[in-house]
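FYI, the numbering just counts along the sequence from 1. Fair warning: this is a prediction, and the values are worked out from it, not measured in the lab.
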Amino acid sequence: MTGTPRTLAEELRTRTDSGLVGLLRARPDLLNPVPGDVTQLATRAGTRASVVRAVERLDRFVLQTAEALAVAPDPCPYDTLGALMAGDAGDLAVAAELPRAVAELRAQALVWGPDDRLRLVRTARELLSPSATHPSPTGLGPTVAEATAGMSPGRLQEIIAAAGLPTTHDPVTAVAALSGLFSDRSRMAALLDTAPAESVGVLDKLLWGPPYGGVTDRPAPHLQWLLDRGLLIAAGARNVVLPREAALHLRGGRAHHAPEPVPPALAPATERDPQLVDNAAASQAFTALATVEELLKEWDLGGPAVLRAGGMSVRDLKRTAAALDTTEQLAAFWLELAYGAGLIASDGEADERFGATPAAEEWLQLPDHERWAALAAGWLAATRTPGVVGTADAKGRALAALGPHLDRSPAPEVRRRALALLATLPPGTSVPAAAVRSRLRWERPLRSGAAVGQAPAPAVGRTPSAAAVDGATGPAGSAGSAPDPVDDLRSRLAQWTLTEAELLGVTGRGALATHGRALIDAASHTTADPTPADTGAAATRAAALLAPLLPEPVDHVLLQADLTAVAPGPLHRPLADALGVLADIESKGGATVYRFTPASVRRALDAGRSASELQEFLSTHSRTPVPQPLAYLIDDVARKHGRLRVGAATAYVRCDDDALLSEILADRRAATLRLRRIAPTVLAAQTAPDQLLDGLRAMGYAPAAESAAGDVLIARADTHRTPPRTAPVPVPDGPPSPDPTLLTAAVRAIRAGDLAATAERKPVHAPAPAPGALPRTTSAETLATMQAAVLTHSALWIGYVNADGAASQRVIAPVRVEGGFVTAYDHTSDEVRTYPLHRITGVAELADDSV
C-alpha cells in the first residue's frame with residue numbers, strides 16, 4: 001500500500017509484525033477474542049473501554065502530549081504540536097522527549113498518520129477535549145468557533161468590529177477573522193495593550209483554568225470591554241468562557257502550565273554500607289518468620305470465629321495484636337501475609353473459625369530461608385491489601401482483616417514497580433518514600449488521580465463550573481491540578497509497599513537488600529507481568545542469598561536460678577517447640593527469655609511428659625546446671641499432677657485420697673462446679689469436663705483429664721487444623737499479558753484474515769458480493785472451481801459456515817477434492833484442513849498477485 005493512510009486500519013496494515021506484536025502486548029484487551037482482520041483490530045482499538053484503559057497507562061508527559069493533540073487542530077502537524085508543548089520560548093527538554101511521546105502514542109494506536117498529519121483517535125479526542133461539563137486537564141476552553149456556535153450573525157459582526165476587524169458577509173468568515181486575530185501574536189498583543197488593567201486581571205484569573213467564569217446581569221465596564229471584543233464569550237445566562245486561541249496567546253503558546261518531559265528524580269539519596277543494609281534486612285526477615293510462627297502457635301487450638309460477613313471481628317484483631325505485641329494495623333499485615341501464603345484459613349465448619357492449615361505444618365518444617373521465600377513470593381503477587389483494613393467500604397461498613405473486599409488489583413504492579421525503582425539506585429542507597437510516590441504518580445498519573453473523562457476536583461473556594469470574575473477575585477489554580485497525593489490509591493499502595501517491604505526484610509533501612517534485588521529480578525527484566533513460576537524462581541534465588549545472613553540456630557539454653565532460661569539465639573525447632581510447652585516466653589530480642597511457672601510445668605505434664613523426662617530434657621539442653629528451685633518446682637507440680645482425675649459423667653472427679661475430695665467439697669469456690677459425692681473416691685459434677693478442669697486448676701489443684709477407659713489424655717498443641725486450603729488467588733488488573741507464542745499466533749491470524757478480507761478477486765459472472773459478505777456460487781460452480789485450482793495450484797477465496805453456524809471468509813490453496821470434501825492449505829489458520837463442500841457458500845479466484 002502506498003500513499004498517506006486514510007484510516008487507522010490502513011496504517012495498521014503497513015506496520016510490521018513486530019509493530020503489531022508491540023501493540024497487542026501494550027493493549028492485551030485487544031486480543032479477547034483475537035480480531036479476525038486488521039479492520040476489526042482498528043475498530044476494537046477505538047472503543048471507549050479500550051482507549052480509556054490505554055490512556056490510563058500513559059506516563060505524565062505522554063498523556064500531556066495526547067492532551068495537547070486533543071486541543072490542537074485535527075490533523076495536527078508535528079511542528080504545531082511541538083509549539084503547543086514547548087511554547088513560543090521553546091524548551092529543550094520538551095523537544096528532546098516529544099519524539100518518544102509521539103512514538104509511544106503511535107505504537108499504542110492512539111495516534112496515527114504521518115508527522116505532518118498527526119491524528120488522535122476519535123475516542124481519545126472525545127475523552128480529552130474540553131467541554132462545559134468536562135474541563136480539559138490543560139485548562140483550555142472551547143475554540144472561538146465552538147464558543148460562538150449559535151451566536152447571532154449580528155452579534156458576531158459587532159464583536160469583530162469592536163476588535164478592529166472589517167465586517168464580513170457571513171458568520172463563517174467572521175469566526176475565521178476573529179480566530180486569526182487571536183492567533184496572531186503581534187495583532188493580539190496590540191489589542192491587549194489597549195485593554196484596561198482590570199480586564200487583564202480577569203484574563204489572568206481564567207488563564208490556566210477553569211476557563212469558565214461567572215458574571216452578573218450587568219457586567220462591570222472592564223468585563224464588558226472583554227465581551228465586546230470576544231476575549232470573553234457568553235456561555236449561558238451568567239457564565240462566560242475564555243476562548244482557546246486567546247488563552248494560548250496569553251500562555252505564550254503553551255498548552256500546559258508545566259510540561260513534565262522527564263520523571264522526578266529519586267532524591268535526596270542516602271548511601272549506606274550495602275553489607276549493613278543486608279544484615280538489617282536479614283534481621284528483620286528473621287523477625288518476620290518468628291512473628292508468623294507465633295501467630296500460628298497462637299491459633300494452634302483454633303483461631304477466632306469468622307464473622308457472618310467474613311473476616312475477623314475488631315475484638316479478635318485487638319486480641320491478636322496484643323498476642324503479637326504489635327499494633328492492630330501491623331497485626332492485619334501479618335494475618336494477611338500468612339493468609340496469602342496459605343498458612344491460615346477458615347475451617348468451613350458450621351461454627352466457622354479460623355485456624356492453621358495443613359500447609360502450615362509443612363512450612364514450619366522448612367529451613368528459614370525457604371520459609372521466607374514462600375512468604376515473600378506470596379506477598380509480591382497478592383492483591384489483598386491489609387492497609388485498607390479498618391477503612392469504610394462503599395456502603396460505609398468497616399473492612400475486616402481476612403474478610404472480603406480487600407483486593408486491590410493494582411497492588412502487585414505497584415509493589416513490583418516501587419521495588420524496581422529502588423533497584424535502579426546503587427546498592428545500599430535509599431530515598432524518601434515521597435520521592436518514590438512522586439515517580440509513580442508521574443508514571444501513571446490517571447491511575448493515581450481522577451479517571452479519564454472525570455472532571456478534576458475544583459479548588460477550595462471555587463465553584464465546580466466557574467470562577468467569580470465580576471467582583472472579588474477567586475483563588476488561582478490549574479484545572480489539571482492533581483488531587484492530594486496522600487489520598488489516592490496508587491500513592492497509598494506505594495507507601496504500604498515500602499513499609500511492608502521493610503517489615504518482611506526485603507529492604508533494610510529503606511534500601512533494597514541484595515536478596516530483595518533478586519526477588520524482583522523477574523519483574524524488572526521483562527515487559528510482561530511475571531508469571532507465578534517466574535516469581536517463585538526469583539524468590540528461590542533471593543532465599544539462597546538470604547540464607548548465609550540468617551543467624552544459625554543453637555541447641556542449648558542457659559538456665560538461671562530465678563526460674564528463667566535464656567536462649568542465646570534462635571533455637572532449633574524441636575528444642576523451641578518443647579521449651580515453648582514447658583515455659584512461657586517472657587521477652588524477645590537477640591536473646592529470648594523463658595520463664596518456668598507452675599502452670600507451664602503442668603502444661604508439659606499434660607502433654608505426656610513425666611517429671612524425670614523434664615529433668616533430663618533440661619539437663620541435656622542447658623549449658624548450666626539445673627537450678628535447685630526449678631527442680632523443686634517440677635517435682636512439686638508433678639507430685640500433685642494427676643491425683644485428681646476428671647472425666648465425663650457429665651463430668652466426674654475421682655481420687656484415691658478421700659480426704660482431698662472432702663477438702664474440695666468444703667471449699668466455697670467449688671460451689672459453681674455443683675459437685676456431689678457418689679462414692680468415697682468419686683465426685684460427680686453437672687459441669688462440662690473442660691470447665692471442671694479449669695475450675696479445679698483455678699482453685700490451685702492440678703487435675704488431669706482421662707478417657708472413658710481411665711487413661712490420662714495427652715493434650716497436644718496441634719489438635720486443630722483446617723481442611724486443606726489453597727491460598728487466595730490474586731484478582732487480575734485487566735487481561736493478563738500475552739506470552740510470545742500467543743502474540744505470534746494472533747498476528748499470523750490477523751494477517752491471514754486480512755488477506756481473506758482484502759485480497760483482490762478475479763471478476764466472476766455472478767454479481768459481486770457486498771463488502772464483508774460471503775461469496776455466493778452454485779454447488780456445480782464451486783466444485784468445478786475447486787478442481788481447477790487443484791490442477792493449477794492457485795489460491796481461492798471462499799465463504800464457509802461451520803457446524804455452529806458461524807460464517808467466515810478464508811483464503812485456501814486446494815490440494816485434493818474427493819468424497820464431498822476439499823483438502824486445502826488454509827492461509828487464514830496457517831494449516832492444512834479439510835472442508836465439507838456443502839458448507840462452502842461460494843468461491844472466487846484471487847488475482848494473480850494477491851497471495
Side-chain angles (χ1 to χ4, degrees), residues 294-306 312-313 315-316 319-320 322-323 344 346-356 577-578 580-584 597-611 614 637-657 660-679 681-723:
E294 187 173 354
L295 172 63
L296 296 177
K297 186 179 298 184
E298 183 71 18
W299 287 10
D300 266 340
L301 298 178
V306 180
M312 292 174 58
S313 67
R315 178 182 301 175
D316 288 330
R319 186 178 295 114
T320 302
I344 58 175
S346 62
D347 56 17
E349 301 293 338
D351 183 18
E352 194 172 14
R353 307 183 72 84
F354 289 107
D577 292 342
V581 175
L582 178 58
D584 298 323
T597 65
S600 69
V601 174
R602 184 178 61 242
R603 186 171 63 227
L605 295 172
D606 288 343
R609 306 293 289 271
S610 65
L614 295 180
V637 174
R639 185 168 52 255
K640 299 177 182 179
H641 185 267
R643 292 180 65 191
L644 295 178
R645 300 293 183 92
V646 172
T650 303
Y652 64 85
V653 182
R654 71 179 181 88
C655 181
D656 296 335
D657 186 355
L660 179 58
L661 295 182
S662 299
E663 178 185 336
I664 294 174
L665 282 173
D667 196 322
R668 293 181 179 180
R669 294 174 296 175
T672 58
L673 302 179
R674 291 179 292 178
L675 298 169
R676 64 186 178 88
R677 189 188 294 268
I678 60 175
T681 58
V682 180
L683 299 178
Q686 300 178 23
T687 307
D690 57 341
Q691 296 176 352
L692 183 55
L693 279 169
D694 292 340
L696 292 174
R697 285 170 178 170
M699 295 169 60
Y701 299 99
E706 71 177 15
S707 68
D711 299 323
V712 175
L713 292 177
I714 297 175
R716 298 183 58 86
D718 57 351
T719 54
H720 183 82
R721 288 292 181 266
T722 70

I need the minimum non-hydrogen distance between Tyr652 and Val682, along with the two atoms involved. CB-CG1, 4.5 Å

Mind checking side chain to side chain contact (heavy atoms under 4.5 Å, CB included) for Ala688 and listing every partner two or more places apart, or none if nothing turns up? Asp690, Gln691

Asp316 vs Arg319, test: salt bridge (charged side-chain N to carboxylate O under 4.0 Å, His left out). Steps then yes/no. CA-CA 5 Å; Asp316 288 330; Arg319 186 178 295 114; 2.5 Å; yes

Please report the interatomic distance CG(Leu675) to CG(Leu696), rounded to the nearest 0.5 Å. 7.0 Å

Interatomic spacing from CD in Glu298 to CD1 in Ile344 - rounded to 0.5 Å: 12.0 Å

For Met312 and Thr320, what are the C-alpha separation, side-chain angles and deciding distance, and is it a side-chain contact (heavy atoms from CB on, under 4.5 Å)? CA-CA 10 Å; Met312 292 174 58; Thr320 302; 3.6 Å; yes

Applying side chain to side chain contact (heavy atoms under 4.5 Å, CB included) to Arg639 and not counting sequence neighbours gives Asp636

Set of residues satisfying side chain to side chain contact (heavy atoms under 4.5 Å, CB included) with respect to Thr597, sequence neighbours excluded: Asp584, Arg595, Ala599, Ser600

Between Thr687 (side chain only) and Leu673 (backbone N and O only), is there a donor and an acceptor less than 3.5 Å apart? yes

Closest approach of Ala604 and Val581, non-hydrogen atoms and distance? CA-CG1, 3.8 Å

All heavy atoms of Ala638 vs all of Leu605, minimum pair found to be CA-CD1, 3.7 Å

Test log, rule side-chain contact (heavy atoms from CB on, under 4.5 Å), inputs Arg654 and Thr681: CA-CA 5 Å; Arg654 71 179 181 88; Thr681 58; 5.5 Å; no

Using atom types as modelled, flag every donor-acceptor pair under 3.5 Å from a side chain in residues 661-669 to any protein atom, sequence neighbours excluded.
{"residue": "Ser662", "atom": "OG", "partner": "Asp658", "partner atom": "O", "Å": "3.1"}
{"residue": "Ser662", "atom": "OG", "partner": "Arg677", "partner atom": "NH2", "Å": "2.6"}
{"residue": "Glu663", "atom": "OE2", "partner": "Tyr701", "partner atom": "OH", "Å": "3.1"}
{"residue": "Asp667", "atom": "OD1", "partner": "Arg669", "partner atom": "N", "Å": "2.9"}
{"residue": "Asp667", "atom": "OD1", "partner": "Arg669", "partner atom": "NE", "Å": "3.2"}
{"residue": "Asp667", "atom": "OD2", "partner": "Arg669", "partner atom": "NE", "Å": "3.4"}
{"residue": "Asp667", "atom": "OD2", "partner": "Arg669", "partner atom": "NH2", "Å": "2.9"}
{"residue": "Arg669", "atom": "NH2", "partner": "Met699", "partner atom": "O", "Å": "3.4"}

Test of understanding: with side chain to side chain contact (heavy atoms under 4.5 Å, CB included), list the residues that count as partners of Val306, not counting sequence neighbours. Ser346, Glu352, Phe354

Who are the side-chain hydrogen bond (donor to acceptor under 3.5 Å, both in side chains) partners of Asp657, not counting sequence neighbours? Arg643

Who pairs with Arg697 by salt bridge (Lys or Arg N to Asp or Glu O under 4.0 Å), at least two apart in sequence or on another chain? Asp606

Give a yes or no on whether the backbone of Gly303 and the side-chain of Arg353 come within a donor-acceptor separation of less than 3.5 Å. yes

So, Arg674 side chain and Ala684 main chain: donor-acceptor pair closer than 3.5 Å or not? no

